[in-house]
Protein chains: 2
Amino acid sequence: MTPTIKDVARQAKTSKSTVSRFLNGIPVNKKTEEAIIKAIEELNYHPNMNARRLVMDKTQEIGIIVDDISNRFYSPILKGIGEVLDANGYSAVYYTWNKSKRRETDFLRLLYEEQVDGLIYVSFARRDQADVEQMREAPFPVVLFGDNAGVDDIHTVDVDNFSGIVELVHYLYRIGHRHIAYIAGPDDIGATKYRSAGYVSAMESLGLAMNPDWICTSDWSNQGGYTAMKKLLQSRGFTAVIASNDESALGAMTCLQEQGYSIPRDFSVVGFDDIDIAQWIFPALTTVRQPFEQMGQTAAQFLLDCIDKKPMDSNRRRLLKPELIIRNSSSNPN
Amino acid sequence: MTPTIKDVARQAKTSKSTVSRFLNGIPVNKKTEEAIIKAIEELNYHPNMNARRLVMDKTQEIGIIVDDISNRFYSPILKGIGEVLDANGYSAVYYTWNKSKRRETDFLRLLYEEQVDGLIYVSFARRDQADVEQMREAPFPVVLFGDNAGVDDIHTVDVDNFSGIVELVHYLYRIGHRHIAYIAGPDDIGATKYRSAGYVSAMESLGLAMNPDWICTSDWSNQGGYTAMKKLLQSRGFTAVIASNDESALGAMTCLQEQGYSIPRDFSVVGFDDIDIAQWIFPALTTVRQPFEQMGQTAAQFLLDCIDKKPMDSNRRRLLKPELIIRNSSSNPN
DNA sequence: TTGTAGGCGTTATCAA
DNA sequence: TTGATAACGCCTACAA
């Protein structure tokens with residue numbers, strides 16, 4: 001049988017309460033303290049968390065719900081979350097799920113079942129309004145990344161997708177491009193509409209023509225970018241391609257290179273995200289960097305403030321600014 | 001106050017015990033069953049897991065300890081683990097940690113504290129023998145990936161690193177290469193010694209000369225591969241490079257391409273792992289694919305068998321075979 | 001500073 | 001089938 005607080009008490013010749021107090025940092029007699037430490041050591045005692053949580057109604061754990069746990073650009077987000085939680089005495093527990101069988105809202109159960117003190121949803125997929133409303137009704141704090149489905153009174157963190165693409169268009173314009181193609185993202189991602197809107201808005205404000213043949217959609221995979229580029233190449237006249245994420249930008253570059261084109265001599269290609277590999281492909285990819293780590297920190301701080309019922313800014317949706325990273329996949333057109 | 005089983009009982013005009021039985025799938029009177037369902041619905045009742053776990057001494061959860069949660073090639077491992085756990089009524093909970101502040105063995109606490117029923121360690125870093133022995137002494141089952149630090153009576157799953165590299169050497173030999181350079185991995189990874197041993201063994205058995213200037217070390221990053229390749233280029237005469245992982249292979253390719261070399265015309269480059277991006281770089285990378293998903297399944301099955309105390313094969317270290325994937329970064333030398 | 005006693009929300013035993 | 005009742009291991013008044 002695994003030892004309990006009672007066994008420790010007996011061994012240390014004191015009572016359960018005293019041991020419990022010691023375990024919770026409440027000062028006890030120096031002499032008994034030593035005896036308790038010795039007993040814990042000898043018995044290899046570990047507190048039973050389930051019992052503790054049952055009586056405390058608190059876990060000191062935050063559930064992080066991740067739709068794709070190995071998504072490389074979630075890494076700095078998770079790092080940012082972890083830092084803030086750590087500094088505040090909370091630990092992070094990660095959950096992920098099989099998209100076909102479960103839904104994000106299934107994890108609200110963790111809150112009701114008192115397995116965690118709060119939840120952070122890390123996903124950039126588009127959400128249903130009903131789901132987000134359900135999250136808002138949860139008995140403990142919930143913070144989201146990405147799409148809030150128009151529900152403004154739930155805490156959300158996202159990057160400013162619109163202005164990120166606007167920056168790219170302006171940059172390409174600045175170095176001389178006037179004919180810019182665009183590879184849009186999939187409809188099931190919340191950011192897609194904002195990025196596309198950024199393209200349209202910037203092109204219009206610069207007075208650049210938008211040829212419908214120069215706009216294509218990809219599913220944001222390498223393959224998707226490859227296929228989109230192939231289609232784009234059926235029409236001519238553009239000198240630059242904005243892929244709405246780095247992965248499809250990579251696919252697009254591969255397609256171009258396979259056809260014998262040189263980047264950026266024949267075409268400039270730019271992406272969005274700044275994934276790790278972006279600087280390691282050849283040529284290195286010009287892109288827009290998302291402030292992932294900062295986003296993670298923001299989300300965690302949001303959540304902790306909710307838990308502590310701190311007075312908060314009334315604006316519950318925070319959009320962080322992305323940063324233009326210029327590398328070698330873009331240059332003046334000839 | 002959140003409702004308890006007692007509230008449900010009162011509302012449904014029955015006893016706690018009956019509600020508990022219903023919740024656990026034990027048949028109850030049709031009439032009371034309906035009343036219970038109705039009460040649960042009305043009260044929005046959710047069982048308190050901490051109370052349940054306290055009395056059951058069981059969580060139906062498996063802790064997955066991942067050293068780098070966003071490591072892309074862990075994805076299929078986690079998928080494989082998830083599938084098997086799911087099919088057996090267990091769920092996976094992921095934990096990760098800050099390498100500088102914590103150690104793998106810190107998570108054994110989850111077992112002692114009864115937060116999970118078993119642990120799977122996903123990491124390919126080299127381990128201390130003392131740590132692995134501590135894992136072996138844990139009160140609940142533990143399964144490892146990668147290095148077992150020579151402790152043979154703990155369940156371990158790994159890829160056959162040795163034979164993977166041997167296959168690469170033989171393949172290059174087959175297509176005509178006789179002068180093969182090697183970019184070794186970092187010492188803190190368990191696989192490094194097996195892969196290096198595979199290179200040495202295969203070269204010797206084929207009677208190929210090993211020029212010490214043709215062997216370099218990288219930290220398995222893109223940058224590491226890049227730097228190693230630069231160094232390799234200071235000596236001449238080799239026609240092919242084996243990088244001991246894909247990431248460094250990518251870095252090596254970038255270096256070669258920057259210097260104006262064409263792959264595979266001037267040099268063949270091959271890697272190890274078959275990460276997603278391997279087929280999307282240009283030219284697509286010849287590599288050795290690890291059976292990650294199968295490894296995940298194997299580990300999970302190992303663990304469940306331990307939990308169920310099933311009679312098991314006495315061999316506790318299982319090495320799965322990698323598969324040679326031939327793409328375009330390798331060809332006959334001229 | 002310490003110990004006694006009660007309760008947290010479940011499940012499990014046992015008699016009805 | 002059902003309903004008391006006693007655990008499970010811990011924390012926390014309260015009284016000493």
For A/S123, what residues pass the side-chain hydrogen bond (donor to acceptor under 3.5 Å, both in side chains) criterion, not counting sequence neighbours?
A/D67
Contacting residues from residues 47-62 of chain A, given that a heavy atom lies under 4.0 angstrom of DNA chain C:
A/L54, A/V55
Rounded to whole Å, OH of B/Y45 lies from C1' of C/dG9 at a distance of 8 Å
Result for 5'-nearest mapping on DNA chain D, choosing between B/P27 and A/N24, is B/P27
Could you tell me the separation between the NZ atom of A/K13 and the P atom of C/dG3, rounded to a whole number of Å?
12 Å
Salt bridge or not between B/R316 and B/D152? Use side-chain N to carboxylate O under 4.0 Å.
no
Can you measure B/K30 atom NZ to D/dT2 atom C1' for me and round it to whole angstrom units?
18 Å
Please set out all donor-acceptor pairs under 3.5 angstrom arising from side-chain atoms of residues 84-91 of chain A, sequence neighbours excluded.
residue, atom, partner, partner atom, Å
A/D86, OD2, B/K101, NZ, 2.8
A/N88, ND2, A/V84, O, 2.7
A/Y90, OH, A/K58, NZ, 2.6

With a 4.0 Å limit, can you tell me whether A/S15 has a side-chain N or O closer than that to the phosphate oxygens OP1/OP2 of C/dT2?
no
Return the 5'-most residue of the pair A/N29, A/K16 with respect to DNA chain C, ranking by each residue's nearest nucleotide.
A/N29
Between the side chains of B/R127 and B/E104, is the shortest nitrogen-to-carboxylate-oxygen separation below 4.0 Å, so that they form an ion pair?
yes
How are the rings of A/F124 and A/F145 set to each other: parallel, tilted or perpendicular (split at 30° and 60°)?
perpendicular
Got a donor-acceptor contact below 3.5 angstrom from the B/N148 side chain to the B/G150 backbone?
yes
Ion pair check, B/K30 and B/E34, cut-off under 4.0 Å
no
D/dG9 phosphate, OP1 or OP2: any side-chain N/O from B/Y112 under 4.0 angstrom?
no
Look at A/S17 and D/dT12 and indicate whether a side-chain polar atom (N or O) is within less than 4.0 Å of OP1 or OP2.
no
Heavy-atom nearest nucleotide on DNA chain D for B/V28 versus A/I5: which residue maps closer to 5'?
B/V28
Starting from P on D/dC14, measure out to CD1 on A/I26 and report it in whole angstrom.
15 Å
For A/I36 and C/dT2, give me the distance from atom CD1 to atom C1', rounded to whole Å.
11 Å
Rounded distance (Å) that lies between atom C1' of C/dT11 and atom CZ of B/R21:
10 Å
Quick one: is A/T14 getting a side-chain N or O under 4.0 Å of the C/dG3 phosphate, OP1 or OP2?
yes
May I ask you to verify if any side-chain N or O of A/S20 is less than 4.0 angstrom from the OP1 or OP2 atom of D/dC10?
no
Mind checking B/F22 for me? I need base, sugar-phosphate or nothing, with any heavy atom below 4.0 Å counting as a touch.
nothing
Give the rounded distance in Å between these two atoms: CZ of B/R10 and C1' of D/dT2.
19 Å
Figure out the NZ/C1' separation between B/K6 and C/dC8, and round it to whole Å.
11 Å
